[in-house]
Structure formats: C-alpha cells, structure tokens
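Single-structure report; data block below.
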Amino acid sequence: RSEAVRVGNLVLNVWMRIIRGLHHAASLCDARAWDEAVALYVGGSSQYMLYALAQNYCSDFGTCNDDSIAIANHDIMEQFELGQSIIQETPFYGCNATYT
C-alpha cells in the first residue's frame with residue numbers, strides 16, 4: 001500500500017511536470033523545452049517514467065498493439081511529434097508571450 005502511494009505520487013508529479021513543460025514550450029514556441037518534456041515522459045533507465053510504466057502494464061491490461069508497444073505510448077508519441085513539428089514550422093499566436 002505504501003509503495004502504491006509512493007509510485008502514484010511520483011507518477012502524478014512527473015505528469016504535471018511534463019504538462020508544465022509542454023505548456024511552456026507551446027507558449028514560447030521553444031522546441032528545446034518541448035524536447036525536454038518529451039524526454040521526461042520517455043525517461044531513461046528509471047522504471048517509473050511514464051513510458052516504461054505504460055509498457056510494463058500494457059500486457060496486464062491488454063493495451064499493447066501488435067508490435068507490443070503500449071497503445072498509450074504509440075498515441076502520445078505521435079502527438080509529441082505533431083506538437084514538435086507545429087512549434088518548429090508554424091508560428092502561432094502566443095509564441096512570444098511571457099510564460100509565468
């Protein structure tokens with residue numbers, strides 16, 4: 001039970017940091033900030049980064065695609081790529097706004 005609370009707290013905090021990073025990147029059209037937020041989602045060797053967690057549990061919940069990739073990871077990586085291309089190629093309203 002305490003492990004579930006610890007992991008849940010970590011996941012929620014990481015997720016909020018990712019969302020904040022994506023918002024920051026979109027507000028300023030900052031491709032580097034976008035990449036940093038995506039890197040936080042994907043993680044490194046930590047088993048608690050969100051990409052790894054989705055991979056670990058997709059077989060348990062039947063949410064893996066035919067390539068054994070979690071559908072959530074596949075879908076979110078597509079959205080990360082779309083967001084990155086928008087930031088890099090298409091200036092939009094708010095790109096020069098000050099982020100607070």
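If you read the sequence from its start, that first residue is 1, and numbering goes on from there.
- Annotation: side chain to side chain contact (heavy atoms under 4.5 Å, CB included) contacts of L82 (sequence neighbours excluded): Q79, S85, I86.
- Hydrophobic clustering keeps V38 apart from I71 (ILVMFWY residues linked when any side-chain heavy atoms are closer than 4.5 Å, directly or through intermediates).
- Contacts classified as salt bridge (Lys or Arg N to Asp or Glu O under 4.0 Å) and involving residues 63-78 (residues at least two apart or in different chains) are not found.
- Separating the OG atom in S68 from the CD atom in Q55 is a distance of 8.0 Å, to the nearest 0.5 Å.
- Between the CH2 atom of W15 and the CG atom of L50 there is a distance of 7.0 Å, given to the nearest 0.5 Å.
- Residues that satisfy the side-chain hydrogen bond (donor to acceptor under 3.5 Å, both in side chains) test with D60, not counting sequence neighbours, are absent from this structure.
- Take L40 and apply the side chain to side chain contact (heavy atoms under 4.5 Å, CB included) test, not counting sequence neighbours, and it matches V14, R17, I18, M49.
- In this structure, CG in L53 is found 9.5 Å from CG in N73, a value given to the nearest 0.5 Å.
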| field | Step-by-step side-chain contact (heavy atoms from CB on, under 4.5 Å) determination, M77 to I69 | value | CA-CA 11 Å; M77 294 308 291; I69 302 294; over 6 Å; no
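- In plain terms, the two heavy atoms of G83 and W34 that are nearest each other are CA-CZ2, 3.5 Å.
- Taking each heavy atom of G21 and A37 in turn, the nearest pair found is C-CB, 4.0 Å.
- With sequence neighbours left out, the ring-ring contact (aromatic ring centres under 6.0 Å, His included) criterion links Y51 to no other residue.
- Under a hydrophobic clustering in which Ile, Leu, Val, Met, Phe, Trp and Tyr are joined whenever their side-chain heavy atoms come within less than 4.5 Å, directly or via other members, Y41 and M16 fall into the same cluster.
- For A31, the side chain to side chain contact (heavy atoms under 4.5 Å, CB included) test picks out I87, Q88, with sequence neighbours left out.
- The structure places CG of N9 at 9.5 Å from CZ of R6, a figure rounded to the nearest 0.5 Å.
- Shown here for C64 and S59, the closest heavy-atom pair between the two residues is SG-N, 3.3 Å.
- Checked against salt bridge (charged side-chain N to carboxylate O under 4.0 Å, His left out), E36 has the following partners two or more places apart in sequence or in another chain: R32.
- For residues 53-75, there are no ring pair (Phe, Tyr, Trp, His ring centres under 6.0 Å) pairs, not counting sequence neighbours.
- Residues meeting the side-chain hydrogen bond (donor to acceptor under 3.5 Å, both in side chains) test with D35, sequence neighbours left out: Q84.
- In this view, D30 satisfies the side-chain hydrogen bond (donor to acceptor under 3.5 Å, both in side chains) rule with no residue, not counting sequence neighbours.
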